[in-house]
Amino acid sequence: MILDKIENYKLYAGITERLAKGFEFIINNDLVAMAYGTYDIEDKAVFAIVQEYDTKEEKDCVLEGHTKYIDIQYIIEGSELMGVTTKRDQKVVTSDLDKDYTFYEGETAYIKLTEGMFTVFFPDDLHRPSIQDGQSSRVKKVVVKVQI
């Protein structure tokens with residue numbers, strides 16, 4: 001897992017060419033003005049999902065992981081807590097490999113993401129996004145999916 005500010009993205013863009021394309025999308029677009037929805041970057045190998053939502057209580061958020069895609073999750077506006085952990089022996093709740101998600105039960109540590117921060121989640125990184133920090137607040141975020 002990577003946690004950093006977007007101004008440091010070049011430290012990680014060299015990991016893969018597709019990851020670099022994901023960061024370029026974040027850097028080169030006016031995400032504040034961009035409507036929510038899905039944006040193709042490279043023929044389904046790299047695409048972005050712009051989201052707006054209200055953060056929720058932890059009990060209403062799911063612990064998830066992916067096997068086909070790396071996630072870059074960038075906070076455009078607002079802030080949220082995320083639960084994070086490494087995949088070990090967590091109990092699988094449900095899985096859809098075609099849609100590239102598995103939901104788990106398990107404990108997590110918390111990180112706080114604020115405007116201008118991002119995370120990169122690899123297949124061994126489980127994450128529980130959208131958790132409120134004290135009270136519910138509005139978040140605008142882009143999740144860039146980067147095929148492995």
Side-chain angles (χ1 to χ4, degrees), residues 1-6 9 12-13 15-27 29 31-32 34-148:
M1 184 195 102
I2 298 168
L3 170 67
D4 209 337
K5 300 172 291 199
I6 198 61
Y9 80 95
Y12 315 103
I15 295 173
T16 72
E17 185 178 318
R18 289 180 177 161
L19 203 60
K21 288 181 181 186
F23 282 120
E24 288 169 11
F25 177 86
I26 293 169
I27 295 300
N29 286 283
L31 299 175
V32 172
M34 191 173 281
Y36 68 89
T38 302
Y39 297 85
D40 187 47
I41 299 169
E42 183 188 292
D43 296 328
K44 297 185 182 179
V46 184
F47 61 95
I49 305 164
V50 177
Q51 309 170 337
E52 292 186 65
Y53 54 85
D54 294 319
T55 56
K56 305 174 280 195
E57 292 184 28
E58 181 183 11
K59 67 180 180 62
D60 298 321
C61 300
V62 295
L63 181 61
E64 63 185 67
H66 312 287
T67 57
K68 297 178 185 177
Y69 287 89
I70 296 166
D71 274 7
I72 304 172
Q73 297 198 17
Y74 172 69
I75 303 294
I76 303 165
E77 296 178 321
S79 68
E80 69 179 39
L81 297 178
M82 283 190 191
V84 295
T85 190
T86 300
K87 189 183 332 179
R88 292 182 305 271
D89 57 357
Q90 291 91 348
K91 180 181 175 187
V92 172
V93 175
T94 187
S95 184
D96 187 329
L97 298 181
D98 290 333
K99 293 183 180 178
D100 193 39
Y101 71 80
T102 302
F103 296 150
Y104 298 88
E105 288 180 2
E107 298 297 316
T108 59
Y110 297 99
I111 57 174
K112 182 175 180 174
L113 279 87
T114 58
E115 189 173 310
M117 294 180 72
F118 71 91
T119 57
V120 178
F121 294 115
F122 297 96
D124 267 358
D125 301 322
L126 302 183
H127 49 285
R128 179 180 286 128
S130 310
I131 302 172
Q132 66 188 27
D133 185 15
Q135 63 184 16
S136 183
S137 63
R138 193 79 178 156
V139 170
K140 185 170 187 181
K141 175 167 71 175
V142 61
V143 178
V144 180
K145 306 294 279 185
V146 177
Q147 191 173 39
I148 298 170

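We count residues from 1, following the sequence as given.
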Answer yes or no: is there a side-chain heavy-atom contact under 4.5 Å between [X] and [Y]?
X      : Y      : answer
Phe121 : His66  : no
Ile75  : Val139 : yes
Lys141 : Leu113 : no
Gln73  : His127 : yes
Leu97  : Thr102 : yes
Gln132 : Glu57  : yes
Lys145 : Asp71  : yes
Gln90  : Thr85  : yes

Closest non-hydrogen atom pair, [X] against [Y]:
X      : Y      : value
Ser136 : Thr55  : OG-O, 2.7 Å
Cys61  : Ser130 : SG-O, 3.5 Å
Phe25  : Val144 : CD2-CG2, 4.5 Å

Audit row: Met34, Ile76, side-chain contact (heavy atoms from CB on, under 4.5 Å) steps and yes/no: CA-CA 10 Å; Met34 191 173 281; Ile76 303 165; over 6 Å; no

Aromatic plane relationship, Phe118 with Phe23 - under 30° parallel, 30 to 60° tilted, over 60° perpendicular: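 It falls in the perpendicular class, over 60°.
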
Taking Asn29 for its side chain and Leu31 for its backbone only, find out whether a donor-acceptor pair lies under 3.5 Å. no

Quick one: does any side-chain atom of Asp100 pair with a main-chain N or O of Thr67 as donor and acceptor, under 3.5 Å?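 Checked: pair present.
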
Residue pairs involving residues 107-124 (criterion side chain to side chain donor-acceptor pair (under 3.5 Å); sequence neighbours excluded): Glu58-Tyr110, Thr108-Arg128, Lys112-Asp133

Pairs involving residues 39-49, ordered by first then second residue, that meet side chain to side chain donor-acceptor pair (under 3.5 Å) (sequence neighbours left out): Arg18-Glu42, Lys21-Glu42

Ring pair (Phe, Tyr, Trp, His ring centres under 6.0 Å) pairs, two or more places apart, involving residues 78-102: Tyr101-Phe103

Would you please indicate if the ring centroids of Phe47 and Tyr69 are separated by under 6.0 Å?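 Yes, they do, as the ring centres are separated by less than 6.0 Å.
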
Can you tell me how far the CD1 atom of Ile15 sits from the CD atom of Glu17, to the nearest 0.5 Å?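 Result: 14.0 Å between the selected atoms.
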
Non-neighbouring partners of [X] that pass salt bridge (charged side-chain N to carboxylate O under 4.0 Å, His left out), sequence neighbours left out:
X      : answer
Asp54  : Arg138
Lys140 : none
Glu77  : none

Decide yes or no on side-chain contact (heavy atoms from CB on, under 4.5 Å) for Tyr9 and Ile27, but give the supporting numbers first. CA-CA 9 Å; Tyr9 80 95; Ile27 295 300; 3.6 Å; yes

Check the pair Val120, Tyr12 against side-chain contact (heavy atoms from CB on, under 4.5 Å), reporting the backbone distance first and the verdict last. CA-CA 9 Å; Val120 178; Tyr12 315 103; 5.6 Å; no

What's the verdict on side-chain contact (heavy atoms from CB on, under 4.5 Å) for Phe122 and Ile148, showing C-alpha distance, side-chain angles and the deciding distance? CA-CA 9 Å; Phe122 297 96; Ile148 298 170; over 6 Å; no

